[in-house]
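Following: one structure in structure tokens, then a few remarks.
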Amino acid sequence: MELMIVSLLGAGCLLILVSLLQKDPAKEVEKQVENVSIQLMQEMYQLRKKVSLLEEEHMLSTPVHKAENTVDEQSLSRDYVLSLHEEGLSVADIAGMTQYSEEEIENILAND
């Protein structure tokens with residue numbers, strides 16, 4: 001009887017040691033999910049940069065005449081000017097990048 005209790009106690013201790021030494025499969029899955037998440041964030045960042053560059057190229061390549069502007073084009077140009085200002089560009093820099101004069105840009109910024 002004592003031999004059986006000692007052997008069961010020994011087997012229990014052995015099983016506890018084996019369970020402590022095993023790798024946790026949830027940690028591996030968690031690492032994989034984290035890596036995929038980081039990759040997706042990097043790809044989204046790259047895509048946002050590309051879209052931003054394309055928008056800037058489009059704004060610079062298409063001359064916009066005020067008399068021919070539609071409401072959507074005016075609001076898009078206004079939003080573009082505001083976003084450039086929020087990025088920290090000066091009024092002179094924004095005027096150089098857009099079709100607006102410095103006075104028009106100051107009016108847009110004052111009306112916001």
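The chain is numbered in sequence order, starting from 1.
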Checklist outcome for this item: Looking only at heavy atoms, the pair that brings E106 and V91 closest together is CG-CG1, 4.0 Å
Item to check | Minimum-distance pair of heavy atoms, taken over all atoms of S101 and A95 | outcome: C-CB, 4.2 Å
Once rounded to the nearest 0.5 Å, what's the spacing between atom [atom1] of [X] and atom [atom2] of [Y]?
| X | Y | atom1 | atom2 | value |
| --- | --- | --- | --- | --- |
| L14 | S19 | CG | OG | 10.0 Å |
| E30 | K27 | CD | NZ | 8.5 Å |
| D79 | E55 | CG | CD | 10.5 Å |
| I105 | L84 | CD1 | CG | 8.5 Å |
| Q46 | E43 | CD | CD | 9.0 Å |
| I5 | M1 | CD1 | CE | 5.0 Å |

Checklist entry - S52: what forms a side chain to side chain contact (heavy atoms under 4.5 Å, CB included) with it, not counting sequence neighbours? => result E56
Item to check | Fellow cluster residues of L3, listed by chain then number, with links counted only when side-chain atoms sit under 4.5 Å apart | outcome: none
Next on the checklist: Is any side-chain heavy atom of I108 closer than 4.5 Å to one of H85?
Outcome noted: no
